[in-house]
Amino acid sequence: MSVIAYCFHSAAIMATLHSKPNFSDAQVVEMVTRLFSLTPSEIRSLPSYDDQNLYVSCVEGGEYVLKIMNSADSKNPSMIEVQTYAMSVLHQNGLPAQTALPNAAGQLMSLEEIDCGHGVQKYLVRLLTYLPGTTISKVPLTPQLLYETGKMAARMDQILQKMEHPQLGLLERGTLIWSLSNLLQLEAYVNILEGDPLEEIVKSVIHQYKTSVMPRRSKFRKCINHGDFNDLNVLVQLDESDGHRISGILDFGDMNSGYYVHELAIAIMYMMTEHPEPVEVGGPVLAGWESVLPLDETEKDCLYVLVLSRFCQSLVMARHSVKMHPENADYLMISSRRGVHILRQLWELGKEQVEKVWFQSAAQLGAIHTSSTRC
């Protein structure tokens, strides 16, 4: 999940306050040695809000990520199995996704029962391949890199849509608040903004979603969404031309049955939070996406409201999570520090003006890439 995505209804939140694992280095060494016959030489913590992610290098060679799921999600191993399988399918199709290593018993997951500070609980454990690179949030978002981001997101969804697995029905996640299909669930949380000028914008966006998106959603093309293609879940490395190429796609915890245009809207929204001129982001990302999967007119007409809808999800749930977990305020608010300003800017510019910038830029970049491909 993204850094602000671990949010539940109040009762569920209270039940999971102590679900995040906190394994000690000694416990990690014992577990990696026992489960994978490897000897850790270096262990360091990696960012995660609800799980425990650890970089592990081993004496025998190799770098890995030990992912220890929170005890709440560990109760749903079938969902984790589908997510792990999706990662392997993407990897097999040439996309930079992690894969899980089998343990000594030949399994890709282990359910460990251990006390790491909150009493004895059960945690699902996987050892994943380590993907080199830095998050895309830390490098300049050039038009070319944004184009590649849109292209990668479209390729990913195309591959996921062809995936076959007996448990795919689990991805029909009608209660997942981070699915753009479930935006109306946000209404239960909007009161967190009471008295804030942002409240009226959020309510207006939800109204636009009800009136302009929901009646037309049946025309959207369905697919399986990664659901969280954000600036912290995309890794990049320097390429031979001193630019950057995408080297990793992380975190499949929000995978859900959705629509192609949802993935595009999510990617545009998060890249906007890292760009000095946010409105300019949409064109290059859209051009990259359409080089793989051109939008139809209905999808195009709903894109603006869907991008704003994702901003609303992010901002409202960030505020809610901070209220529940004030000790994590800095981490939880990463994606929303500039988000309020950007949402207001998009809303004030209006659909027509924003679309003009996006669609003209996408057409120009698309023409350039088509021409260079022919040459």
Trainee: Determine, stepwise, if the pair S361 / E280 fulfils side-chain hydrogen bond (donor to acceptor under 3.5 Å, both in side chains).
Mentor: CA-CA 8 Å; S361 171; E280 295 179 8; over 6 Å; no

Trainee: Quick one: does any side-chain atom of Q27 pair with a main-chain N or O of S24 as donor and acceptor, under 3.5 Å?
Mentor: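 Checking the backbone N and O of S24 against the side chain of Q27, a donor-acceptor pair under 3.5 Å is found.
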
Trainee: With side chain to side chain contact (heavy atoms under 4.5 Å, CB included) as the test, pick out the partner of F311 among I201, V340, T273.
Mentor: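 Looking at I201, V340, T273, the match for F311 under the side chain to side chain contact (heavy atoms under 4.5 Å, CB included) is T273.
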
Trainee: Check for a donor-acceptor pair, side chain of E172 on one end and backbone N or O of S257 on the other, with a separation under 3.5 Å.
Mentor: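 Answer holds: no.
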
Trainee: What verdict does the ring pair (Phe, Tyr, Trp, His ring centres under 6.0 Å) test give for Y55 and Y64, after you've listed the backbone C-alpha separation in whole Å, the side-chain angles of each residue and the deciding distance to 0.1 Å?
Mentor: CA-CA 6 Å; Y55 167 86; Y64 307 96; 9.1 Å; no

Trainee: May I ask you to decide if the ring planes of W358 and Y304 are parallel, tilted or perpendicular, using 30° and 60° as cut-offs?
Mentor: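 Taking Y304 first and then W358, their aromatic rings sit tilted (interplane angle of 30° to 60°).
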
Trainee: So N70 and K20, side-chain hydrogen bond (donor to acceptor under 3.5 Å, both in side chains) or not? Walk me through it.
Mentor: CA-CA 5 Å; N70 65 81; K20 181 176 179 176; over 6 Å; no

Trainee: Looking at E297 and K219, is any side-chain nitrogen of the basic one under 4.0 Å from a carboxylate oxygen of the acidic one?
Mentor: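 No, K219 and E297 are not salt-bridged.
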
Trainee: Please answer whether the main-chain N or O of H275 pairs with a side-chain N or O of R338 as donor and acceptor at a distance below 3.5 Å.
Mentor: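 Checked: pair present.
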
Trainee: For a salt bridge (Lys or Arg N to Asp or Glu O under 4.0 Å) check, start with the C-alpha distance between K151 and E290, then their side-chain angles and the critical distance, and finish with the verdict.
Mentor: CA-CA 7 Å; K151 185 175 180 179; E290 292 203 300; over 6 Å; no

Trainee: Check E199 with K203, please: is the shortest side-chain N to carboxylate O separation under 4.0 Å?
Mentor: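 Counted as a salt bridge, because a side-chain N and a carboxylate O are separated by less than 4.0 Å.
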
Trainee: Just say parallel, tilted or perpendicular for the rings of Y85 and H165, cut-offs at 30° and 60°.
Mentor: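 Plane angle between 30° and 60°, so tilted.
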
Trainee: Tell me whether V125 shares a hydrophobic cluster with V32, the cluster being built from Ile, Leu, Val, Met, Phe, Trp, Tyr side chains joined at under 4.5 Å.
Mentor: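 Same cluster.
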
Trainee: With a 4.0 Å cut-off on N to O distance, would you call D25 and R44 a salt bridge?
Mentor: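 Not counted as a salt bridge, because no side-chain N and carboxylate O are separated by less than 4.0 Å.
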
Trainee: Does a salt bridge link E299 with R221, judged by any charged N lying under 4.0 Å from a carboxylate O?
Mentor: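 R221 and E299: salt-bridged.
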
Trainee: Between the side chains of R173 and D254, is the shortest nitrogen-to-carboxylate-oxygen separation below 4.0 Å, so that they form an ion pair?
Mentor: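 Not counted as a salt bridge, because no side-chain N and carboxylate O are separated by less than 4.0 Å.
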
Trainee: Would you call E240 and R245 a salt bridge, taking side-chain N to carboxylate O under 4.0 Å as the test?
Mentor: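 Here E240 does not pair with R245 in a salt bridge, since their nearest N and O are not under 4.0 Å apart.
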
Trainee: Is there a donor-acceptor contact under 3.5 Å from the side chain of H226 to the main chain of D251?
Mentor: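 Checking the backbone N and O of D251 against the side chain of H226, a donor-acceptor pair under 3.5 Å is found.
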
Trainee: Report yes or no: do L306 and I268 belong to one cluster of Ile/Leu/Val/Met/Phe/Trp/Tyr joined by side chain heavy-atom distances under 4.5 Å?
Mentor: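 Same hydrophobic cluster.
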
Trainee: Taking ring-ring contact (aromatic ring centres under 6.0 Å, His included) as the definition, give me every residue that meets it alongside Y260, ordered by chain and number, with sequence neighbours left out.
Mentor: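 So Y260 forms no ring-ring contact (aromatic ring centres under 6.0 Å, His included) with any residue.
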
Trainee: May I ask you to decide whether R319 forms a salt bridge with D196, counting only side-chain N to carboxylate O separations under 4.0 Å?
Mentor: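 Here R319 pairs with D196 in a salt bridge, since their nearest N and O are under 4.0 Å apart.
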
